[in-house]
Amino acid sequence: MNRLFLNLELESETPLYLQIRDQIIEGLACGALRDGESLPSTRQLAMDFGINFHTVNKAYDMLRQEGILRLNRKTGAIVSLTQADPSFALAWTARLRVLLAEAHVKGVTSEMIDHAVRGIMASFQSQKEGEQ
(Lines give C-alpha, C1' and ligand atoms only; values in the text may rest on other atoms or scores of the structure.)
Protein backbone atom coordinates (compact mmCIF):
# COMPACT_ATOMS: atom_id res chain seq x y z
CA MET A 1 0.00 0.00 0.00
CA ASN A 2 2.86 2.30 -0.89
CA ARG A 3 0.87 4.83 -2.89
CA LEU A 4 -2.36 4.93 -0.90
CA PHE A 5 -2.58 7.19 2.09
CA LEU A 6 -5.52 6.83 4.42
CA ASN A 7 -6.74 9.87 6.27
CA LEU A 8 -8.99 8.73 9.09
CA GLU A 9 -11.05 11.30 10.92
CA LEU A 10 -11.42 9.91 14.42
CA GLU A 11 -14.11 12.47 15.35
CA SER A 12 -16.19 11.92 12.19
CA GLU A 13 -19.74 10.62 12.34
CA THR A 14 -18.72 8.11 9.67
CA PRO A 15 -17.53 4.91 11.35
CA LEU A 16 -13.82 4.23 10.97
CA TYR A 17 -14.36 0.92 9.18
CA LEU A 18 -16.41 2.73 6.51
CA GLN A 19 -13.75 5.42 6.17
CA ILE A 20 -11.14 2.72 5.57
CA ARG A 21 -13.35 0.85 3.09
CA ASP A 22 -14.34 4.00 1.21
CA GLN A 23 -10.80 5.34 0.96
CA ILE A 24 -9.49 2.02 -0.37
CA ILE A 25 -12.20 2.05 -3.03
CA GLU A 26 -11.36 5.66 -3.93
CA GLY A 27 -7.70 4.66 -4.11
CA LEU A 28 -8.62 1.98 -6.62
CA ALA A 29 -10.79 4.36 -8.64
CA CYS A 30 -8.03 6.96 -8.98
CA GLY A 31 -5.20 4.47 -9.55
CA ALA A 32 -3.39 4.87 -6.22
CA LEU A 33 -4.04 1.14 -5.71
CA ARG A 34 -4.02 -1.55 -8.36
CA ASP A 35 -5.19 -5.11 -8.72
CA GLY A 36 -2.69 -7.49 -7.12
CA GLU A 37 -1.26 -5.01 -4.61
CA SER A 38 -0.87 -5.91 -0.96
CA LEU A 39 -2.44 -3.97 1.86
CA PRO A 40 -1.07 -3.77 5.39
CA SER A 41 -2.24 -6.46 7.78
CA THR A 42 -5.22 -5.61 9.95
CA ARG A 43 -2.98 -5.46 13.00
CA GLN A 44 -0.41 -3.24 11.29
CA LEU A 45 -3.01 -0.77 10.00
CA ALA A 46 -4.72 -0.73 13.39
CA MET A 47 -1.38 -0.01 15.10
CA ASP A 48 -0.58 2.74 12.57
CA PHE A 49 -3.81 4.56 13.47
CA GLY A 50 -4.10 3.52 17.10
CA ILE A 51 -7.45 1.83 16.53
CA ASN A 52 -8.84 -1.61 17.29
CA PHE A 53 -7.80 -4.25 14.76
CA HIS A 54 -11.42 -5.46 14.63
CA THR A 55 -12.28 -2.11 13.01
CA VAL A 56 -9.80 -2.73 10.20
CA ASN A 57 -10.90 -6.36 9.98
CA LYS A 58 -14.51 -5.22 9.46
CA ALA A 59 -13.45 -2.92 6.60
CA TYR A 60 -11.32 -5.63 4.98
CA ASP A 61 -14.11 -8.19 5.34
CA MET A 62 -16.58 -5.83 3.67
CA LEU A 63 -14.15 -5.39 0.78
CA ARG A 64 -13.72 -9.18 0.59
CA GLN A 65 -17.47 -9.69 0.43
CA GLU A 66 -17.68 -7.04 -2.29
CA GLY A 67 -15.09 -8.87 -4.42
CA ILE A 68 -12.36 -6.26 -3.97
CA LEU A 69 -9.95 -8.00 -1.59
CA ARG A 70 -8.69 -11.53 -1.20
CA LEU A 71 -7.78 -12.38 2.39
CA ASN A 72 -5.36 -15.18 3.16
CA ARG A 73 -3.40 -16.02 6.30
CA LYS A 74 -0.18 -16.44 4.37
CA THR A 75 -0.41 -13.66 1.78
CA GLY A 76 -2.49 -11.15 3.79
CA ALA A 77 -4.88 -8.73 2.13
CA ILE A 78 -4.43 -8.52 -1.62
CA VAL A 79 -6.45 -6.35 -3.98
CA SER A 80 -8.24 -8.85 -6.18
CA LEU A 81 -10.92 -7.24 -8.29
CA THR A 82 -13.75 -9.37 -9.61
CA GLN A 83 -16.40 -8.40 -12.11
CA ALA A 84 -19.62 -7.12 -10.62
CA ASP A 85 -22.53 -9.49 -10.68
CA PRO A 86 -26.01 -8.27 -11.71
CA SER A 87 -27.03 -7.77 -8.08
CA PHE A 88 -24.30 -5.14 -7.72
CA ALA A 89 -25.96 -2.91 -10.31
CA LEU A 90 -29.28 -3.13 -8.45
CA ALA A 91 -27.71 -2.37 -5.07
CA TRP A 92 -25.59 0.46 -6.50
CA THR A 93 -28.61 2.03 -8.16
CA ALA A 94 -30.61 1.82 -4.94
CA ARG A 95 -27.82 3.51 -2.96
CA LEU A 96 -27.47 6.19 -5.63
CA ARG A 97 -31.22 6.80 -5.60
CA VAL A 98 -31.18 7.46 -1.85
CA LEU A 99 -28.16 9.75 -2.13
CA LEU A 100 -29.78 11.71 -4.96
CA ALA A 101 -33.07 11.91 -3.06
CA GLU A 102 -31.19 13.34 -0.09
CA ALA A 103 -29.50 15.92 -2.33
CA HIS A 104 -32.85 16.83 -3.92
CA VAL A 105 -34.51 17.27 -0.53
CA LYS A 106 -31.63 19.54 0.53
CA GLY A 107 -32.10 21.71 -2.57
CA VAL A 108 -29.21 20.52 -4.71
CA THR A 109 -30.11 21.12 -8.35
CA SER A 110 -29.74 18.62 -11.19
CA GLU A 111 -27.11 20.89 -12.71
CA MET A 112 -25.09 20.88 -9.49
CA ILE A 113 -25.32 17.09 -9.29
CA ASP A 114 -24.29 16.70 -12.93
CA HIS A 115 -21.35 19.07 -12.44
CA ALA A 116 -20.23 17.22 -9.29
CA VAL A 117 -20.47 13.78 -10.92
CA ARG A 118 -18.54 14.88 -14.00
CA GLY A 119 -15.87 16.49 -11.83
CA ILE A 120 -15.46 13.44 -9.64
CA MET A 121 -15.27 11.05 -12.59
CA ALA A 122 -12.76 13.35 -14.31
CA SER A 123 -10.65 13.42 -11.13
CA PHE A 124 -10.43 9.63 -11.13
CA GLN A 125 -9.25 9.64 -14.73
CA SER A 126 -6.77 12.50 -14.31
CA GLN A 127 -5.26 10.93 -11.19
CA LYS A 128 -4.82 7.62 -13.03
CA GLU A 129 -3.18 9.39 -15.97
CA GLY A 130 -0.86 11.28 -13.61
CA GLU A 131 0.32 7.96 -12.12
CA GLN A 132 1.38 6.56 -15.49
Side chains of Leu45 and Phe53: closer than 4.5 Å at any heavy-atom pair? no
So, Thr82 side chain and Gly67 main chain: donor-acceptor pair closer than 3.5 Å or not? yes
Check: Glu37 side chain, Ile78 main-chain N or O, donor-acceptor pair, under 3.5 Å: no
Is Leu39 linked to Ile25 within one hydrophobic cluster, defined over Ile, Leu, Val, Met, Phe, Trp and Tyr using a side-chain heavy-atom separation of less than 4.5 Å? yes
Go through the steps for Val108 and Glu102 under the test side chain to side chain contact (heavy atoms under 4.5 Å, CB included), then give the verdict. CA-CA 9 Å; Val108 179; Glu102 181 181 349; over 6 Å; no
Between Ile20 and Leu63, is a side chain to side chain contact (heavy atoms under 4.5 Å, CB included) present by the stated rule, with each step listed? CA-CA 10 Å; Ile20 294 167; Leu63 291 164; 5.7 Å; no
CD/Glu11 to CD/Glu9 distance, rounded to the nearest 0.5 angstrom? 10.0 Å
Starting at OG1 of Thr55, measure out to OH of Tyr17 and round the result to the nearest 0.5 Å. 10.0 Å
Decide side chain to side chain contact (heavy atoms under 4.5 Å, CB included) for Asp35 and Leu28; before the verdict, give the C-alpha distance in whole Å, the side-chain angles of both, and the deciding distance to 0.1 Å. CA-CA 8 Å; Asp35 196 25; Leu28 286 162; over 6 Å; no
Basic-acidic side-chain contact under 4.0 Å: Lys58, Asp61: no
So do the side chains of Ser87 and Trp92 get within less than 4.5 Å of each other, counting heavy atoms only? no
Is there side-chain contact between His104 and Leu100, with at least one heavy-atom pair below 4.5 Å? no
How many angstroms lie between atom CZ of Phe49 and atom CG of Leu16, to the nearest 0.5 angstrom? 9.5 Å
Taking atom CD of Glu66 and atom CZ of Phe88, what is their separation to the nearest 0.5 Å? 8.0 Å
Going by heavy atoms in the side chains, are Asn7 and Gln23 under 4.5 Å from each other? yes
Under the side-chain hydrogen bond (donor to acceptor under 3.5 Å, both in side chains) rule, what pairs show up with a residue in residues 41-51, not counting sequence neighbours? Gln44-Asp48
Do Ile24 and Leu18 share a hydrophobic cluster (ILVMFWY, side-chain heavy atoms under 4.5 Å, transitive)? no
Kindly compute the distance separating CD1 (Ile120) from NE2 (His115), expressed to the nearest 0.5 Å. 10.0 Å
Would you say that more than 12 heavy atoms from the other residues, nucleotides or ligands in this model lie under 6.0 Å from the CZ of Arg95, or not? yes
Is the closest side-chain heavy-atom distance between Ile113 and Ser110 below 4.5 Å? no
For Ala77 and Leu71 the tightest heavy-atom approach is CB-CD2, 3.6 Å
From CA spacing to verdict: side chain to side chain contact (heavy atoms under 4.5 Å, CB included), Ile51, Leu10: CA-CA 9 Å; Ile51 60 177; Leu10 301 177; 4.1 Å; yes
For the atom pair CG (Asn57) and CG (Asn52), what is the distance rounded to the nearest 0.5 Å? 9.5 Å
